[in-house]
Amino acid sequence: NAGVTQTPKFQVLKTGQSMTLQCAQDMNHNSMYWYRQDPGMGLRLIYYSASEGTTDKGEVPNGYNVSRLNKREFSLRLESAAPSQTSVYFCASSRRVGTGSSYEQYFGPGTRLTVT
Amino acid sequence: EDQVTQSPEALRLQEGESSSLNCSYTVSGLRGLFWYRQDPGKGPEFLFTLYSAGEEKEKERLKATLTKKESFLHITAPKPEDSATYLCAVGEETSGSRLTFGEGTQLTVNP
């Protein structure tokens, strides 16, 4: 039981390049999330998927797109990377609210992205 | 708009010196308050969920409490391995399963 896995662990991009961050969970969770974490800013929600087939914008969605590929996988794409997107990116998953179960989020190990 | 404020930003303790971390929150309807631990270079690790005022949860040297406006994470007789950043997050009734995180308290426990 690996929990939440993310690839790659590290990435360096040049301005304007594109890339996709991959995330997978094996806990049978309905909901998945992408956050970025910057010094002094805390964790900020980029996009989330409440359930398979749905995605919604979070607090800081500009410059990003997401795909909920299936129940297990949720990817984050940077179409044209900018230095302001240098950050640590975390994927998380949780049960869906309203099922009678607790809905704490479980996080992956993160991807450290540098855009030069 | 949901707000979560953690204090202090950083805390240094000697091994065995008990203390508390604070998480103040403003939400229109609290669905849950969550505590996480984050080690350098790692993702946040879930510790506790509190749902209603007066509730308490314990795990080893950690005890979390909740009132209508704030939560405390009490650390009793800390050890160096308790050094980490502790994050607080709130879920609001109309926000589904989304959480709003505070910026965290960086705890250092010296031997």
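Naming convention: chains lettered A, B, ... in sequence-line order (proteins, then strands); numbering from 1 in each chain.
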B/Leu62-B/Leu11 co-clustered via ILVMFWY side chain contacts under 4.5 Å: yes

Atom CE of A/Met27 with >12 non-hydrogen neighbours under 6.0 angstrom: yes

A/Val66 with A/Leu69, same ILVMFWY side-chain cluster at under 4.5 Å: no

Could you please show the donor-acceptor pairs under 3.5 angstrom between chain A and chain B, with distances rounded to 0.1 Å?
unit_1, atom_1, unit_2, atom_2, d
A/Tyr33, OH, B/Ser97, O, 3.3
A/Tyr33, OH, B/Ser97, OG, 2.6
A/Gln37, OE1, B/Gln38, NE2, 3.0
A/Gln37, NE2, B/Gln38, OE1, 3.0
A/Tyr48, OH, B/Arg98, NE, 3.3
A/Gln105, N, B/Tyr36, OH, 2.9
A/Gln105, O, B/Tyr36, OH, 2.7
A/Gln105, NE2, B/Ser97, O, 3.1
A/Arg112, NH2, B/Gly41, O, 2.7

Common cluster, A/Val4/B/Leu47, ILVMFWY with side-chain heavy-atom separation under 4.5 Å: no

Hphob cluster co-occupancy, B/Leu73 + B/Phe101, side-chain heavy atoms under 4.5 angstrom: no

Transitive ILVMFWY side-chain link A/Leu43 to B/Val4, under 4.5 Å: no

Part of A/Leu45 within contact of chain B (heavy atom distance under 4.5 Å): side chain

